[in-house]
Amino acid sequence: MSDTLIASLVELIRRTSTILPADVVRAVEAAKGTEESGTNAAYALDVIGCNIGLAKDKSQPLCQDTGSILFYVHTPVGYDQIAFEEAAIAAVKQATAKGYLRQNSVDSITGANTGDNVGPGFPDMHFHQWRRDEVEVVLMLKGGGCENVGATYTLPNPKLGGRDLKGVENAILDCVLNAQGQGCGPGILGVGIGGDRVSGMACAKSQLLRALDDTNIDPVLAELEATVVRKANQSGIGPMGFGGKTTLLGCKVGKLNRVPASYFVSISYMCWAFRRQGVVLGADAGITRWLY
Amino acid sequence: MAVIQLQTPLTEAVARSLKVGDTVEITGRLYTGRDAAHHRLHHGEKPPVDLGGAIIYHCGPVMVKEGDRWVCRAAGPTTSSREEPYQWEVMRDHGIRGVIGKGGMGPKTLDGCQKYGCVYLHAIGGAAQVCAERITRVDGVDWMDLGSPEAIWHLWAERFPCIVTMDSHGGSLHKEVLAASTKAIEAMRA
Ligand code: SF4
């Protein structure tokens, strides 16, 4: 196991847990301008802004729920994934001992906390090979509060509509409505249309890896994304569900093929504390570049 | 926006004077308590501290031991709705006057606030560092066998920022926003 790789991954965890990526900071700043001063919504966004600065300055977790730990790793063909996973586990243990991660991994039956964030499904590893000769590691820390308000819809749905874009749009907005302030909005949605119950949600979550200010290359989905954000922000739910104009900071939609019998709309809700960061590693496993 | 300064323990009169929408800052003792602690209280276990006039904070903090003292590294609110089945009982049986959390709570709690003179204070979800900065001391901990996030931590707060979203007069910002946003979204359906 390479000590350099472990050190790089600890630094990735530290930075992800303590510094909000630039695209998200820009979106929060922009939202501040839209809320009327003196409102509870403006107050919430102010406190959020202060928190972003404090966490960075003190190098401490943005939010105490450091969430589930999701690694998305691209490797050259022939790369030793087992060794990588061992290094990731060692890094997670170190980062937990240093307080960058809360002790967050709990046995689902006994309730026992492993104390080091390691256990079945912790950390969660997603490996992909590519033909490039470099290793890219993206880390997402996804809090429980926002994860709880995610949902999978099955279309047709009597209230929301059929197997078309309208049904999809209504399902997404229904999820936003049900979430209210529970997911620490303003939120960011990752949406997967189609697939099965696993691949659809995996697609939804991987949409959250996109830059917040990118434009979907599929014009139909790009329009859907814009419509969802516009309508959600007219719903009046607002930051923290206090009422106001900023309910979503973004919506990213992907699609997968489905079997004719199924039509899922999978929605992953991410809180404003949208912690994801990535690195490209050099030949010695040192960090050569940050991705967000 | 005028900020109301509160000092714990709260009297019933102070709790009842607060209204939905008030911005407050709390100074004094806060006890953390979340799912496992509420579950224990529900099953009749005696609280390890006197909860009369107290504020319970739905929070699972990140704590680190420095020498022989605990330091709070992050301490934002956790989702309160999980305590909805139990919270009113804690108001009735132990006389708490305030609950801090996020996301709001339901009709049982709102009813409890009215009957027993209590108030729900919404902290800013995810703002763990702002919250941690306003927690200047950790004076003790009970029920550590539940694990650190679930234990009852005795925190000392200085000007801890919250917004009143449920009051003792039947007012709930959550109820209002849910009704208005449901109407708005139904009207915008494609
Ligand atoms: S939903 Fe996000 S911001 Fe809110 S408590 Fe959970 S991790 Fe923190």
Minimum heavy-atom separation for [X] and [Y], please, with both atom names.
| X | Y | value |
| --- | --- | --- |
| B:M188 | A:E169 | O-OE2, 4.4 Å |
| B:V177 | A:G241 | CG2-O, 3.6 Å |
| A:Q182 | B:G104 | NE2-O, 4.5 Å |
| A:Q180 | B:S181 | NE2-OG, 3.0 Å |
| A:G99 | B:V62 | O-CG1, 4.2 Å |
| A:F242 | B:T165 | CE2-CG2, 3.9 Å |

Part of [X] lying under 4.5 Å from any heavy atom of chain A:
| X | result |
| --- | --- |
| B:T79 | side chain |
| B:P61 | backbone |
| B:A75 | backbone |
| B:A190 | both |

Examine distances only and state if a side-chain atom of [X] and a backbone atom of [Y] form a donor-acceptor pair shorter than 3.5 Å.
| X | Y | result |
| --- | --- | --- |
| A:K231 | B:I185 | no |
| A:N51 | B:A128 | yes |
| B:R73 | A:Q64 | no |

Between [atom1] on residue [X] and [atom2] on residue [Y], distance to nearest 0.5 Å:
| X | Y | atom1 | atom2 | value |
| --- | --- | --- | --- | --- |
| A:N113 | B:L146 | CG | CG | 11.5 Å |
| A:C63 | B:I124 | SG | CD1 | 12.5 Å |
| A:Y43 | B:T23 | OH | OG1 | 6.0 Å |
| B:E186 | A:N170 | CD | CG | 10.5 Å |

Chain A: which of B:C131, B:A187, B:A127, B:A74 shares the most heavy-atom pairs with it under 4.5 Å?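 The residue among B:C131, B:A187, B:A127, B:A74 with the greatest pair count is B:A127.
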
Pair count under 4.5 Å, heavy atoms only, with chain A: among B:G126, B:G60, B:A184, highest is B:G126

Within 6.0 Å of [atom1] in [X], more than 12 heavy atoms from elsewhere:
| X | atom1 | value |
| --- | --- | --- |
| A:K32 | NZ | yes |
| A:E223 | CD | no |
| A:E36 | CD | no |
| A:K58 | NZ | yes |

Chain B contact via [X] - side chain, backbone, both or neither, heavy atoms under 4.5 Å:
| X | answer |
| --- | --- |
| A:L62 | backbone |
| A:A44 | both |
| A:C271 | neither |
| A:K159 | both |
| A:N178 | neither |

Max heavy-atom pairs within cutoff under 4.5 Å with chain B, candidates A:C184, A:G53, A:G181, goes to A:C184

Apply the test side chain to side chain contact (heavy atoms under 4.5 Å, CB included) to residues A:M240 and B:K102: give CA-CA distance (whole Å), side-chain angles for both, the deciding distance (0.1 Å), then the verdict. CA-CA 8 Å; A:M240 294 294 132; B:K102 76 171 174 91; 5.6 Å; no

Let me see the working for A:D65 and B:T78 under side chain to side chain contact (heavy atoms under 4.5 Å, CB included), right down to the final yes or no. CA-CA 8 Å; A:D65 185 358; B:T78 189; over 6 Å; no

*asked:* Assess the residue pair A:D174 and B:R189 against the criterion (side chain to side chain contact (heavy atoms under 4.5 Å, CB included)); give the C-alpha distance rounded to whole Å, side-chain angles, the decisive distance to 0.1 Å, and a yes or no.
replied: CA-CA 9 Å; A:D174 193 63; B:R189 273 212 183 112; 3.8 Å; yes

